[in-house]
Structure formats: C-alpha cells, structure tokens
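Small disclaimer: the values here were computed from a predicted structure and weren't measured. Just so we're on the same page: letters track the sequence lines, and every chain starts at 1.
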2 protein chains.
Amino acid sequence: MAKPSRIQSENREKILAAALEVFSRDGFRGATVDAIAQASGMSKPNLLYYYRSKEAIYAEVLAGLLDAWLDPLRALDPEGDPAREIGAYIDRKIEMARDYPAESRLFAGEMLRGAPILDTVLRRDLKALVDEKAEVIRAWTRAGQLAPVHPHHLIFAIWATTQHYADFDPQVRAVLGDEGEGRFHDAADFLKRLFLLGLCPRDGAG
Amino acid sequence: MAKPSRIQSENREKILAAALEVFSRDGFRGATVDAIAQASGMSKPNLLYYYRSKEAIYAEVLAGLLDAWLDPLRALDPEGDPAREIGAYIDRKIEMARDYPAESRLFAGEMLRGAPILDTVLRRDLKALVDEKAEVIRAWTRAGQLAPVHPHHLIFAIWATTQHYADFDPQVRAVLGDEGEGRFHDAADFLKRLFLLGLCPRDGAG
DNA sequence: CCCCTTCTTGACCAGTTGGTAAAATCGAGG
DNA sequence: CCTCGATTTTACCAACTGGTCAAGAAGGGG
C-alpha cells in the first residue's frame, strides 16, 4: 500500500468532486451511491471499489472540506489592524459563500444532522482554532482597539451572516427578487459596516 | 366535507407534532412514514388515511410553521424606537431558537433542499412582509434614527445570527464546550451590542 | 509477448420504504 | 341494539438502495 497509482488518484478525485455535488444537493440520505457513480462517470460497483461505503465517501468529502473551509479564519492576523482584519475576514467568507456554495451547504447539512461525522474533529481541531483566535480578539480589546465583546459569539456571527448567503440561497433570492444580482457585493458592504460601526447613526458618517 | 370530527382533529394534530420532530431530526429523505406513525402512536396505513403521502405531511407541517415563524418580524413596530425595536426583535428570535429549535432546523433543511415546497410562498408572502418592514427601516433612516444600511441585508443578518444557534447547535456546543450553558443569553447580549453599536471602541461605552 | 496485479462490469441480493387493498372494528344517530 | 359511515389493522407489493461476487478487461514490468 505504498503510493496510489495514477488511476487511483484520478478516480478518487473524480468521485470526491461528484460526491460533493450530489451530497450537497440531496443531503446524505437523499444522495444515492448510483447518482454519485453516474456523476463520476463510472459504475456503482467500480465506485465501491475505491470507497467501501457511502458513508466512507461522505466522511472523506467532509474531511477534505473542513481544512479549506477554515483557512480564512486562520488568516486572521494578530499583528494586523482589527478593523481591517475583520473586514478582510468578512470579505473572504462572502467570497467563499459565492464561489463554493456546495461546500457550505454540505457543512450545514452535516450540522443539521447533529454532526455525527464531524463531532469529534469539531470538539478538537475547530475548538482549538477558535479558542486561539478568540484570544487574538481579546488582546485587541485589551489594547483598546476593539469594543469588549464575547469573542466566540463574534466569530459565530461572522460565520452565520456570511454562510447564510449560500445555505439559504432560495430564501435570499425569493426576498430580493430581481434586485438580487449584486447580493454578495451588497452583503459584504453591509456586513462590514454593521460589524465595524453598528446601526446607530453618528455625526461624521458617510 | 363539512367539519372534521373530534378524532380527525386529534389525530391530525398528533401526526403533525410527531412529523415535526421526525422531519427536523432526520430531514425529509431521512424521515420514514413508519417513524412518524410510531411517534404519533398509530399504524402506518392509519397515518396515510389522514394524509395521503409523506410529502403531504411535510408540506402541511411547513405551512403551519411559516406563519408562527414570522410573527416576531410582524411585531416590528414602525412607531417604536428603532434601537428598542431591533433589540426586542433580536431577543424574540433568540428565544425562538432556544425554545423551538426543531422548527428552525426544519425550515433550514427545506432551504438547503432548494425550497421545493416553500418556494412560491416565499416569493409571495415572505417577500411582501420583508419589503414592508424594509420600508419601515428606511423610514427610520430617513428620520435620522438609524444609519443608512441596506434593509433587506439587515433582516437577513438578524435571521442568520439568531437561527444559527438552533441550526448549528452541534458546532456551537463543540466550540463553547462547558462554557456553553448560557449561550442563548450571551448571544442575545452580544448581538444587541453588535447590531446597535458595532465593534469600534468608543468613549462613553460601558 | 506474457503474466500478474489492478481495475471494471453485469448479475444479483436482502433490507427498507412509500403506498395500496380489503377486511375488520368502532361509534354515533335512529 | 342496529345500521352505516368513519376509522383502524393485517397482509401485501413494487420500487429503490446499499452492497457483494465472480468473471472479464486492461495495463505495466519483465
């Protein structure tokens, strides 16, 4: 079991890409192995030659996802200016909601199911990363560069507001109607303003 | 087909309550008619005597849901003080996420599926209500009582941040760990501060 | 060109699931 | 207590689905 052959890596790659689409569209239960196989251009038994079960594919897709999904948070720079850093984080998260909605929905689906697969890794890796960045936020507050807020809930709020545009896309479209074209740009604008300044009117505001 | 008998209404009620639990826990595809029947304390064919199909039950549950789900937004009072009204709206939404998580998750699941059942009612009723309240927010801005922000995105942000605590509960618990007990109270505090004041530090802040 | 491993497929299976048919039972009005 | 419609159950089915198996096709090192 040294290195995977060319065919191995190619087919595994094709399967994971197809599985991401199918799982994110139909959910874990709604997705069928046949549908994933067809989307990867191979037969069902052949797919099961590469992954032993439907759940194995699902777990693999999720595992490959989480890392990339958290990159924007990792990039939050303790040395940077808080307002700029948080603004950049919001921008990056909105871009991901726009460019990788399937990933967002798959993750949301796993949460709705009670996170049976991701639970352990959430408690370990995700918690560690969030705790680390929460400390960064607390340091900013201590330095007087940020209002005293609960860091974890701040991070939740950024996740929720940005991923909303991927996960609740039908609702967003329904409400915005024809004006919804620039929704990602408008959202980024609004959210940066909201997070940095809040809703209270003030004097020198533009 | 005049009025439903006592047995009719009782059983339909039991079915809908059971269906809410099962659908919200397992999703539309994951839920089985048998599971709903068992949870309502009746046999599968008997359940199908009251609702002709699994999808009919699902649609009925969703329909009954949406109205109650939007009540907090309806209560937004154009005559009230903006800061107080928005704060009260956030409080109410956090309460609902705490007390009715199944409803929230069911709705989220329907969105993830692309809103096949709710799509039309979203475009009609939901859009109408949101547009109406967006006008209220614009009026507040014109009166100088609120910063000039995109009203629709403000409403999305409130929905997203509050419902997050129901829909992403496993993630929230995983990140907060043992400190997560007062998460709904902390969230309401944080969100009201965020929405009304933003994150920028300022002089007279408490 | 041969051989052995890797890869692919067609046929198949058992369990599950949404839904039906018809018979049995219940229950309120007469 | 009898009757007729409303309600409930037993038995059942066809479609679907995750997964297996054994046989065949392909591919690369010698």
Check your understanding: Can you check whether B:Ile137 reaches B:Ile155 side chain to side chain, under 4.5 Å on heavy atoms?
Key -> yes
Review point. Are side-chain heavy atoms of B:His152 and A:Leu176 found at a separation under 4.5 Å?
Key: yes
Revision key, fill the gap. Within residues 28-35 of chain B, those residues having any heavy atom closer than 4.0 Å to DNA chain C are B:Ala31, B:Thr32, B:Val33
Practice item. Only pairs at least two apart or in different chains count here, so list each side chain to side chain donor-acceptor pair (under 3.5 Å) that has a residue in residues 76-101 of chain B. Key: B:Tyr89-B:Trp159, B:Asp91-B:Lys192
Review point. A:Tyr165 and B:His153: aromatic ring centres closer than 6.0 Å?
Key: yes
Review point. Between A:Phe107 and A:Leu66, which heavy-atom pair has the shortest distance, and what is it?
Key: CE1-CD1, 3.7 Å
Revision key, fill the gap. Applying side-chain hydrogen bond (donor to acceptor under 3.5 Å, both in side chains) to A:Arg173 and not counting sequence neighbours gives A:Asp169
Review point. What are the residues of residues 9-27 of chain B, sorted by number, that bring a heavy atom to within less than 4.0 Å of DNA chain D?
Key: B:Asn11
**Study point:** Short side-chain N/O contact to C:dT6 OP1/OP2 from A:Gln8, under 4.0 Å
**Key:** no
Practice item. Using the test side-chain contact (heavy atoms from CB on, under 4.5 Å), find all partners of B:Arg74 that sit at least two apart in sequence or belong to another chain. Key: B:Asp67, B:Leu70, B:Asp71, B:Leu129
Review point. Residues in side-chain hydrogen bond (donor to acceptor under 3.5 Å, both in side chains) with B:Lys127, at least two apart?
Key: B:Asp131
**Study point:** Presence of salt bridge, B:Arg123 and B:Asp119, under 4.0 angstrom
**Key:** yes
Check your understanding: Does any residue of residues 36-56 of chain A have a heavy atom under 4.0 Å from DNA chain D, and if so, which ones, in number order?
Key -> A:Lys44, A:Pro45, A:Leu48, A:Ser53, A:Lys54
Study note, to complete from the structure: Axis-to-axis angle for the helix from C:dC1-D:dG30 to C:dG30-D:dC1, ends of five pairs each, to 10°, equals 10°
Check your understanding: Got a salt bridge between B:Arg105 and B:Glu110, using NZ or NE/NH1/NH2 to carboxylate O under 4.0 Å?
Key -> no
Exercise for review: Describe, in one word, how the ring planes of B:Phe23 and B:Tyr58 are oriented to each other, choosing from parallel (under 30°), tilted (30 to 60°) and perpendicular (over 60°).
Suggested key: perpendicular
For nucleotides 22-30 of chain C, list the nitrogen or oxygen atoms of the protein found under 3.5 Å from its nitrogen or oxygen atoms, one pair per line.
none

Study note, to complete from the structure: For B:Ala157 and A:Phe190, the nearest pair of non-hydrogen atoms, with its separation, is CB-CE2, 3.8 Å
Exercise for review: With sequence neighbours left out, write down each residue that passes ring-ring contact (aromatic ring centres under 6.0 Å, His included) with A:Phe195, or none if nothing qualifies.
Suggested key: none
Revision key, fill the gap. Test side-chain contact (heavy atoms from CB on, under 4.5 Å), reference B:Leu106, set B:Val22, B:Asp167, B:Leu20, output is B:Leu20
Check your understanding: Can you list the steps and then say if A:Leu47 with A:Asp34 is a side-chain contact (heavy atoms from CB on, under 4.5 Å)?
Key -> CA-CA 9 Å; A:Leu47 182 148; A:Asp34 240 337; over 6 Å; no
Check your understanding: Any Lys/Arg nitrogen of A:Arg6 or A:Glu10 sitting under 4.0 Å from an Asp/Glu carboxylate oxygen of the other?
Key -> yes
Point to revise | Interface limits on DNA chain D, where chain A has a heavy atom under 4.0 Å of a nucleotide atom | key: D:dT17 to D:dG28
Practice item. Return the set of residues passing side-chain hydrogen bond (donor to acceptor under 3.5 Å, both in side chains) with B:Asn11 (not counting sequence neighbours), or none when no residue passes. Key: B:Tyr50
